[in-house]
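Read through the structure below, which is laid out as structure tokens, and then see the notes.
Positions are given from 1, in the same order as the sequence printed here. The shown structure was predicted, so the numbers you read here are calculated from the model rather than taken from an experiment.
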Amino acid sequence: MAMLPATVITYDMLTRIADQNPQLKITVDESVKASLMVGGVTLVGSLLLGPVGIIAGAAIGGSVAYATSKPFTSAFVLLSKLDEQQREQLLATVQDLALQKEVLITDQLLLDLLIAGINKLGFKAELPKIGTK
């Protein structure tokens, strides 16, 4: 099986995790839309104006993304509001995703950060390194 680029897998992982919580799904969707908008406008700005276009594109893209986004709550706030059962279900989903062989090693950082956030909320969670069982 061919491996997908890390960005595709990361988005897939985020959407599979977010499917468990409608508010988290909105947060992921809005964040991805804003990121693509900022990145796209920054790319066009840099192509047209060179290095100055990076600054202009990021500022314009960020402003447009902010103005057009729907209201959403940060993932950290949403995770802190989960009850114990929801947190354990989320952790199980993240662990299952980490054990899938098609996950690239570059996604280990994302998983480590997610687990660190869950641990900050008062839960002790560990993930095996990707590719090991």
**Item:** Linked hydrophobic residues, V44 as query - side chain contacts closer than 4.5 Å
**Value:** L48, L49

**Message:** List the residues meeting side-chain contact (heavy atoms from CB on, under 4.5 Å) with V41, not counting sequence neighbours, and say none if there are none.
**Reply:** I60

**Prompt:** Is the backbone N or O of T73 less than 3.5 Å from a side-chain atom of T27, with the two atoms forming a donor-acceptor pair by type?
**Reply:** yes

**Request:** Linking directly or through intermediates, with side-chain heavy atoms under 4.5 Å: list the remaining ILVMFWY members grouped with L47, chain and number order.
**Result:** L43

**Prompt:** Got a sec, which residues hit salt bridge (charged side-chain N to carboxylate O under 4.0 Å, His left out) with D19, two or more places apart in sequence or on another chain?
**Reply:** none

**Request:** May I ask you to list the residues sharing a hydrophobic cluster with I55, side-chain cutoff 4.5 Å, ordered by chain and number?
**Result:** none

**Gap between atom OG of S69 and atom CD1 of I26 - 0.5 Å precision** = 12.0 Å

**Asked** With sequence neighbours excluded, what pairs up with Q86 under the side-chain contact (heavy atoms from CB on, under 4.5 Å) test?
**Response** L82, D83

**Message:** Under the rule for side-chain contact (heavy atoms from CB on, under 4.5 Å), what residues qualify as partners of A34, not counting sequence neighbours?
**Reply:** A65

**Message:** Restricting to side-chain contact (heavy atoms from CB on, under 4.5 Å), what partner residues turn up for T68, sequence neighbours left out?
**Reply:** M37, V64

**Message:** If hydrophobic residues (ILVMFWY) are linked whenever their side-chain heavy atoms come closer than 4.5 Å, directly or via other members, who joins V77 in its cluster?
**Reply:** none

**Within residues 30-50 or reaching into it, pairs that qualify as salt bridge (Lys or Arg N to Asp or Glu O under 4.0 Å) - sequence neighbours excluded** = E30-K33

**Prompt:** At what distance, to the nearest 0.5 angstrom, does CG of L24 lie from NZ of K81?
**Reply:** 12.5 Å

**Request:** Of all the heavy-atom pairs spanning S46 and I54, show the shortest one and how long it is.
**Result:** CB-CG1, 3.5 Å

